Amino acid sequence: MSHRRSAMLSASAALALALSLGAGPARAADDYPFRDPSLPLAQRVDDLLNRLTPDEKVAMLHQYAPAIDRLGIKLFKTGTEALHGVAWSTDYTNNGAVVTAKGTVFPQAVGLASTWDTALIKRVGSAVGDEARGYHAENPTVWGLNLWAPVVNLLRDPRWGRNEEGYSEDPTLTGAISTAYGSGLEGDDPDHLKTAPTLKHYLANNNEVTRDTSSSELPPRVKHEYDEAAFKPAIAADAATGVMASYNLVNGRPNTVNPDLDDVVRSWTGRALFNVTDAGAPNNLVNSEKYYATQAEADAALIKAGLDSFTVDDANGAPTAAAVKEALSKGLLTQADVDDAVRHQLGIRFRLGEFDPDGGPYAKITKDVVNSPANQKLARETAAKATVLLKNSGGALPLKPGKKVAVVGPLADVLYTDWYSGGLPYKVTPLDGIKERAASVASSEGVDRIALKDVATGRYISAPASGGDLKESDTSVGATSTFDAFDWGQGVLTLRSVANGKYVSRANWSTLANTADQPSGWFVQEQFTLEPQSDGTSLLRYAGYETAFDWFGPDTYIKTAADGTLSLTTADQATHYAKEVVSRGVDDAVATAKAADVAVVVVGSMPFINGREDHDRTDMNLAEGQEALVKAVKAANPNTVVVLENSYPTTINWEQDNVPAILWTTHAGAETGHALADVLYGDVNPAGRLTQTWYRSAAELPGILDYDIVKKDRTYLYYQGRPLYPFGYGLSYTSFSYQGLKAAPKGDAYEVSVKVTNTGSRAGDEVVQLYTHQHKSRVKQPVKQLRAFQRVTLAPGQTRTIAFTVKKSDLALWDVTRNKWTVENGTHDVLVGSSSANIRQRATINVKGENIPHRDLSKTTRAVDFDDYSGIHLVDETKVRGDAVAGANGGWIAFKDVQLRKPRTVTAGVAATGRGTIEVRLGSPTGAKVAAIPVAATGGIYNWAAATAPVSGANGVKDVYLVFTGDVRIKDFALS
């Protein structure tokens, strides 16, 4: 049990409890001290906690904490999704079935961050909190007030399938936006919460491939300076009430039992935090991860690590209760451990007003707030402010009124939601928005209309006009035998029936049907590929996401029975089809574009296909067919504007070189079309800024499982190349100048100011960005690092002085030699501009800190605190806590700038299942060998033993290398 946990009642709470349980008439449930808002929160929590039976406490650990009628306590559900609007929740009365909201959908999270506008995002969070309260007022069993948002995982790798859910690759920006959104969700009452936001997903969760078994290996600097830094701001600002542990492992230990949940995260605030598991994660500890042998062991470890609520087994809390009770009976847990977890939950419930007689200050909010006119207006404003102008040459934008506009492309007249969106109560598509502005509008989706003829029978795959199972029936091409083929890249198509506008889906898990409104669901069953064969025919392959799972089997190709019914089979048994193109989408789009003054091409992604939870992207390209469409339209009409509507960086190199104007937006909700039109026609001057580096090629990225951004030069912080678009990039319809940068010390901080002038003819917003760079350091420093930013509105000719404060502590690095934050003596550049690559003013400051002394390896040194490495892995020292290094043949770790004073012995804490050697070398991995430590088998990877060897010839200031032979682990060592 950590020092942060205590089972002791305060004296006042004990007295209140004694009085409440003393002689006298029995109290009504609404007359207990815990119902009295005038009492201190801790006293109310303790009063209620001590009225609960042991069984009631254990039952409260599940996601659905059951009602306790004798105390008048209602069911409490954790986990309403609210990433960019209230999205969905689960229904206790229907075994956890998903219930989707239909309220205000704001831009996806990465779009919210692209506003770089914390005041705006707090307003968005407040609106989402209001709507969550509105839904809760209607059905508190479904719509709990513990919200699972925001996602603060850093967008380290742009191929991450969940890129749409995060904010930025930068921890400062992520911290600021998450604090703003969380503050809005919580409300401004000092004692009560509107809702209780939970930060997702702690820690270093930025890949979907093998997401429950892969280990994110974080050297200490990466962990402290990067990954933890994204989570700390919202917690420290009391803008979040807990974290969700992620599925992945960190340094070999599942995050579900990461002790940092208690030891580190709770140290950031004086408030009680309520930490939760991800869905199904408790069972992963026994099943996929095989970290513990029994569920009782796993659940005990989870609680001791600092998690308070189990999201598992849908609405069935019985397995969790049984496992926890077994853990208690075996001494794996104490009652105090359970009490602590329940105390954390109750603290949040009290702050939500649940036990106040009037429900607290937010209880009067009703469902009238959902999709209110005010929230619709806010959604439009946010979507417009989130839009990023990537290119604008020759005054292509804003569009001039009175022009004939062609609006073409597969996303021109549709709006898509994503897995964490609510449903759209109405839709304003890009085409709709432009129609409200343009003198004349023509449109084309630009997709091929095809028919598929069985070459053996001459019959076509046909779809009933009323919807239903597809069959081979038509002998000629007509509405029922034609499909619009949407290209989402890498050969993946969706097929929309011309007969009824529905998408072909394997919705009943056996045959194909034209019944889906849009691709959606956990297993997206609307995905197909057409695979060309050597005889000129094609095979139709079902490419739904479930085909990647071993239970699906080899039957992924379409075959036809004699009666025309369709089913799945293997490639060798599949039906061969002739693909007949009834009309070419490019031809229609080109004709439409030629007849217009301006062509607006709307292309992008389908959020359920191109990257999402459980599926990373494997490239960053625009779909092949969509890029061909852009090229053809540009050739037909030089006045072409591309609107890229997706959720992540895309390698649009050709478009940047050849298209006059490019706008980027996320899938931005029901008001997308209005917002785009506002920007296209200049009613809103775009000022969105990119929150990630846009690379020119995926080849510039290391493997998606490599989390060491420092060593691998990842993100704008360390990237040395020339990106397509840099971090912080975005253009405007006006221009700005910067003058008079000043940077001066003031106490333990530096005051930085700069004058910014709108030098153009339009009012507009500039996002003023402040970066620093340290000249010299003991360690590799970022190329530059964002320290502060401000979005400011300026009228033409207006000048404003923008002021920032940079704390001296902000310039600290994590010193691995002494395990602490350290500010070094040194010179720092102060860089102010409109992006990380467009620095407009520079100054320098001399920072007085300290010189990190030579390393002293005569003291026991943790192996993980190395300065450099190769060919090793970071692993768990024990299942409870601690990191170690696993070495293999030729792998090494380095400790730089070591003061050696002729040590005679080296002692290492080692673990191994076989035999090996750890050589101590100087200067390089092949330098002079001064010791060779023999490592014998210790009986297991968690069985640690001391291994020693004599040292000779080690003297002076040198770099020390430990070089491994054999599979050995080392946790610490000393040269004495």
Side-chain angles (χ1 to χ4, degrees), residues 217-226 251 706-714 717-718 720 773-783 811-827 847 849-874 883-887 890-903 905-909 918-933 949 951-964 970-976:
E217 297 186 21
L218 303 181
R221 282 193 64 209
V222 178
K223 179 184 177 186
H224 294 297
E225 296 178 19
Y226 190 64
N251 296 351
D706 193 323
Y707 275 74
D708 189 346
I709 67 162
V710 180
K711 189 173 180 67
K712 294 301 176 69
D713 293 336
R714 303 198 76 160
L717 291 164
Y718 294 96
Q720 302 286 339
H773 169 70
Q774 184 172 337
H775 286 195
K776 294 181 180 180
S777 172
R778 183 187 179 278
V779 299
K780 181 178 179 180
Q781 283 285 340
V783 175
L811 305 175
L813 58 86
W814 183 259
D815 177 14
V816 295
T817 73
R818 295 172 296 174
N819 286 290
K820 69 172 188 175
W821 290 101
T822 299
V823 176
E824 294 180 295
N825 284 318
T827 301
V847 177
E850 62 176 311
N851 295 320
I852 297 174
H854 299 307
R855 289 195 83 137
D856 180 3
L857 299 184
S858 67
K859 301 175 182 178
T860 299
T861 299
R862 302 290 301 178
V864 73
D865 289 327
F866 50 70
D867 291 299
D868 198 4
Y869 66 95
S870 176
I872 57 96
H873 290 289
L874 301 182
D883 295 335
V885 173
W892 53 264
I893 53 178
F895 300 81
K896 303 295 184 70
D897 191 38
V898 178
Q899 178 66 66
L900 297 167
R901 294 182 174 86
K902 298 182 179 180
T905 304
V906 58
T907 303
I918 303 174
E919 295 179 343
V920 182
R921 293 180 176 270
L922 303 182
S924 76
T926 58
K929 183 170 66 175
V930 297
I933 309 169
V951 179
S952 63
N955 194 32
V957 177
K958 302 287 175 59
D959 295 341
V960 174
Y961 287 76
L962 303 186
V963 184
F964 301 98
I970 179 172
K971 64 183 181 71
D972 53 31
F973 72 104
L975 292 164
S976 59

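On a predicted model such as this, the values are computed, not experimentally measured, just so you know.
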Task: Validation row: Leu922, Asp959 side chains within 4.5 angstrom (heavy atoms) - done: no
TODO: Using modelled atom types only, decide if a donor and an acceptor are shared between the side chain of Lys711 and the backbone of Tyr869 within a distance under 3.5 Å.
DONE: yes
Open item on the list: Before you tell me yes or no, could you show the steps for Asp868 and Phe895 under side chain to side chain contact (heavy atoms under 4.5 Å, CB included), namely the whole-Å CA-CA distance, both residues' side-chain angles and the distance that decides it to 0.1 Å?
Closed with: CA-CA 7 Å; Asp868 198 4; Phe895 300 81; over 6 Å; no
TODO: For residues Lys776 and Glu824, report the shortest heavy-atom separation together with the two atoms involved.
DONE: O-OE1, 4.3 Å
- [ ] State, yes or no, whether a side-chain contact exists between Ser777 and Leu813 at a heavy-atom distance under 4.5 Å.
- [x] yes
Task: Flag side-chain contact, heavy atom, 4.5 Å: Ile872 against Phe866 - done: yes
- [ ] Kindly write out the residues that satisfy side-chain contact (heavy atoms from CB on, under 4.5 Å) with Lys902, not counting sequence neighbours, or none if the list is empty.
- [x] Asn955
Task: Inter-residue atom distance Lys958.NZ - His854.NE2, 0.5 Å rounding - done: 12.5 Å
Task: Whether Arg921 side chain and Tyr961 backbone form a donor-acceptor pair below 3.5 Å - done: no
TODO: Looking only at non-hydrogen atoms, find the nearest pair between Ser858 and Ala974 and report the distance.
DONE: O-CB, 3.9 Å
Task: Pairwise side-chain contact, Lys859 with Leu857, heavy-atom cut-off 4.5 Å (strictly under) - done: no
- [ ] For residues Asp865 and Pro220, report the shortest heavy-atom separation together with the two atoms involved.
- [x] OD1-CG, 3.4 Å
TODO: For residues Phe964 and Ile970, determine if any side-chain heavy atom of one lies less than 4.5 Å from a side-chain heavy atom of the other.
DONE: yes
- [ ] Identify the two heavy atoms, one from Tyr707 and one from Val222, that lie closest to each other, and give their separation to 0.1 Å.
- [x] O-CG1, 3.6 Å
Open item on the list: Could you report the tightest heavy-atom contact between Val951 and Thr905, atom names first, then the distance?
Closed with: CG2-C, 3.6 Å
Task: Ring center gap for Tyr718 and Tyr226 short of 6.0 angstrom - done: no
Task: Atom pair CG (Asp708) and NZ (Lys223), whose distance is rounded to the nearest 0.5 Å - done: 14.5 Å
Task: Passing option when Arg855 is tested against Asp897, Thr817, Thr861, Asp867 for side chain to side chain donor-acceptor pair (under 3.5 Å) - done: Asp867
Task: Minimum heavy-atom distance between Val823 and Leu811, given as atom pair plus value - done: CG2-C, 4.5 Å
Task: Backbone N/O of Leu874 and side chain of Glu217: donor-acceptor pair under 3.5 Å - done: yes
- [ ] Could you list the residues that satisfy side-chain contact (heavy atoms from CB on, under 4.5 Å) with Arg818, not counting sequence neighbours?
- [x] Asp815, Lys820, Thr822, Glu850, Ile852, Pro853
Open item on the list: Between Asn851 and Asn825 (side chain of the first, backbone of the second, donor and acceptor by atom type, cut-off under 3.5 Å), is there such a pair?
Closed with: no
- [ ] Could you tell me whether Arg714 and Asp706 have a side-chain N and a carboxylate O separated by less than 4.0 Å?
- [x] no
- [ ] Name all residues meeting the salt bridge (Lys or Arg N to Asp or Glu O under 4.0 Å) criterion together with Lys780; count only those two or more places apart in sequence or in a different chain, and write none if there are none.
- [x] Asp713
Task: Close side-chain approach of Val920 to Leu962, heavy-atom, < 4.5 Å - done: yes
